[in-house]
Amino acid sequence: MEKGTSFLFSGITFDKKKFAADFARFKEKKESDDLVESGKSEAEEGARPVKKRKRKATVADPVEGFNVFKTSKSSAQGIQQNDQEKSELSQAKKELNRQIEKDALLRKKHNIHISGNNVPSPLENFSELSSRYGCESYLLHNLAELGFKEPTPIQRQAIPVLLSGRECFACAPTGSGKTLAFVCPMLMKLKHASKDGIRAVILCPTRELAAQTARESKKLAKGKKFYIKLLTKELLRSGGISKLPCDILISTPLRLRSAIRKKKLDLSRVEYLVLDESDKLFELGLVKQIDAVVKACSNPSIIRSLFSATLPDFVEELARTIMHDAVRVIIGRKNSASELIKQKLVFAGSEEGKLLALRQSFVESLNPPVLVFVQSKERAKELYTELAFDDIRVDVIHADLSQSQRENAVDDFRAGKTWVLIATDVIARGMDFKGVNCVINYDFPDSPAAYIHRIGRSGRAGRTGEAITIYTEDDVPFLRNIANVMAASGCEVPAWIMALPKMKWKKHRPQRDSISTKPKDQKE
DNA sequence: TCTACCA
């Protein structure tokens, strides 16, 4: 990766020692500030206007950057005060400690792990949105209407963090409500529609996910006039989006970058930037595009946030270089699968064996909707033609299809018209299909993260699901890593797999034999 | 070394 050339990498080389003195001074000052502020009552805390942080737009502030993951220890050491002030201070300190204990308890209960300075208290319930943050009734109404009764762990913590004007990166299991966790505070902070240009941007790695996020955001904003736009080809063709009012723009990276290059829109006033499925977005090939978008969002007080179910260390390191005093929120264990999914491994000796096993399982128990993942577009097409004549309502989705074909595939699957959807990893991330009963990894996933996201299409929003991963001889060296994920989420794994040698694994894409069965006359 | 991502 080209360090130094891109904005995202710009902060990575800064010299910690060089800034050590500044850092120490900064920390001292910050701690005394924190104490005074935190001493206020909770109501005040909610009403407190967010401090406008003035800073340079280009390079991450080294002092804050250095400090990002340090947990704050608010102590009054070294401060000289008279008696009156001292007693007020100790009163404030007690109050603060009580709140800290309460927060810690709530976090423990919901498996919320945090790091960062002065992290806001987690939500006990959605009604705190109005008592602490003055949330308008339309939003509370929509939450209730859409069936959100209790905040999920990620929502409990990430919403207050973002509402306090803090940058955030968040890792929470698939299907645990991350979209709501960033859209809800966004709507609250934007307050109402405005014609001030584009005010918030959400980036998603696929068009399907972008469309889904746009739809969900609109549902949440219902009854309030907000301009929420999905950046589509049509929208770009129909002339300047710059002339249209737009509060929230949702796009895929490449489309947004090309629009920026053609000067079709202006991101200089963007106040909020969300990178959804951030680890995917930071992958080689997509980073450059993200970089262009991040650069174009030149407003110095922008709040950026990263969300994903998988958060590899290198993404955290990159994030550290662009984020300012960010709060890190991890729900449960990092990079883990939902515990609601029953995960199984199945051996197949050959491609023919795979196909046989799949057909067999459909005959025995087809419990739609079912998702079948394969490793390439070609194989998706092949498997589709193979199954198309079976007595099953089957469909395919991959990026070689036209936009409308892709949309239809998703819609039909959502509507239950398609029982079995064959797919590449296009829909492996973020897509929320209601009640997927089973995910079949027909081809072994190419990384543990891919595995977690694929199987995460089922077992969403508290429902249970099933995941079957077919493996061949070629996949055996990679089995152990998947087995670790399974074991960590409470599934049983054969002992021989756990005894396999451990290995670091970047990408696994073996050459596989053709899916289709040989023509009958050759079989003899 | 190819899935996804513009024209």
Side-chain angles (χ1 to χ4, degrees), chain A residues 1 6 8 201-214 230-241 249-265 267 274-296 308-310 312 315 371-384 396-403 405-407 409-410 421-431 439 441-454 456-457 474 478 505-512:
Chain A
M1 276 186 253
S6 92
L8 282 178
V201 169
I202 302 172
L203 282 179
C204 308
T206 63
R207 298 198 276 245
E208 282 70 22
L209 184 54
Q212 176 182 288
T213 306
L230 178 65
L231 191 62
T232 58
K233 230 182 273 177
E234 297 72 49
L235 186 60
L236 279 167
R237 234 200 312 263
S238 70
I241 173 152
L249 183 68
I250 299 146
S251 178
T252 50
L254 204 53
R255 181 160 279 155
L256 186 52
R257 187 185 69 173
S258 83
I260 293 167
R261 284 188 173 168
K262 290 183 204 146
K263 305 229 173 356
K264 291 241 182 184
L265 45 77
L267 297 183
V274 175
L275 307 184
D276 197 8
E277 304 296 343
S278 45
D279 56 325
K280 180 74 188 175
L281 294 176
F282 277 90
E283 252 178 34
L284 213 71
L286 283 170
V287 225
K288 279 190 179 173
Q289 299 154 28
I290 298 299
D291 202 39
V293 174
V294 172
K295 257 187 216 154
S308 186
T310 49
V315 173
L371 269 171
V372 178
F373 284 104
V374 292
Q375 76 178 24
S376 70
K377 292 182 275 199
E378 278 320 305
R379 288 178 65 78
K381 292 171 201 169
E382 261 187 82
L383 186 57
Y384 175 67
V396 239
I397 185 164
H398 53 74
D400 272 356
L401 300 178
S402 72
Q403 186 55 44
Q405 284 174 312
R406 282 168 66 161
E407 273 165 28
V410 169
L421 183 60
I422 299 162
T424 59
D425 282 333
V426 227
I427 55 157
R429 282 168 174 268
M431 295 307 294
V439 171
N441 289 317
Y442 190 84
D443 290 337
F444 207 73
D446 66 9
S447 68
Y451 176 76
I452 290 168
H453 287 282
R454 279 178 173 190
R457 294 321 94 211
D474 290 339
F478 304 89
W505 157 21
K506 281 256 187 300
K507 214 132 236 190
H508 170 54
R509 253 174 196 289
Q511 271 291 342
R512 298 195 190 271

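Every chain is numbered from 1, with letters handed out A, B, ... down the list of sequences.
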Taking only N and O in the side chain of [X], is any of them less than 4.0 Å away from OP1 or OP2 of [N]?
X	N	answer
Arg255(A)	dC6(B)	yes
Thr424(A)	dA4(B)	yes
Thr252(A)	dA4(B)	no
Lys377(A)	dA4(B)	yes
Arg207(A)	dC6(B)	yes

Between [N] atom [atom2] and [X] atom [atom1], what is the distance in whole Å?
X	N	atom1	atom2	answer
Arg512(A)	dT1(B)	CZ	P	14 Å
Ile397(A)	dA4(B)	CD1	P	10 Å
Lys507(A)	dA4(B)	NZ	P	11 Å
Asp279(A)	dA4(B)	CG	P	17 Å
Leu254(A)	dT3(B)	CG	P	17 Å
Lys233(A)	dC6(B)	NZ	P	8 Å
Phe444(A)	dT3(B)	CZ	P	18 Å
Arg429(A)	dC5(B)	CZ	C1'	14 Å

With a sphere of 6.0 Å drawn around CZ of Arg509(A), does it hold more than 12 non-hydrogen atoms of other residues, nucleotides or ligands?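 Correct, the count exceeds 12.
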Remember a base hit wins even if backbone is also touched, and classify [X] as base, sugar-phosphate or nothing at under 4.0 Å, heavy atoms.
X	answer
Lys280(A)	base
Arg406(A)	sugar-phosphate
Pro253(A)	nothing
Arg257(A)	nothing

Looking only at heavy atoms, which two atoms of Asp279(A) and Ala449(A) are closest? And how far apart?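 Taking every non-hydrogen atom into account, OD2-CB, 4.5 Å.
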Nearest-nucleotide pick for Arg509(A), side chain only, options being dA4(B), dA7(B), dT3(B): dT3(B)
From the list dA7(B), dC5(B), dT3(B), which nucleotide is the closest neighbour of the side chain of Lys262(A)? dA7(B)
Kindly indicate whether the side chain of Ile427(A), heavy atoms from C-beta on, has any atom under 4.5 Å from the side chain of Phe373(A). yes
Geometric class of the Phe444(A)/Trp505(A) ring pair [parallel <30°, tilted 30-60°, perpendicular >60°]: parallel
Pairs satisfying side chain to side chain donor-acceptor pair (under 3.5 Å), at least one member in residues 371-383 of chain A, at least two apart: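 The answer is Glu351(A)-Arg379(A), Gln375(A)-Arg512(A), Lys377(A)-Asp400(A), Glu378(A)-Lys381(A), Arg379(A)-Asp443(A), Lys381(A)-Asp400(A), Glu382(A)-Ser514(A).
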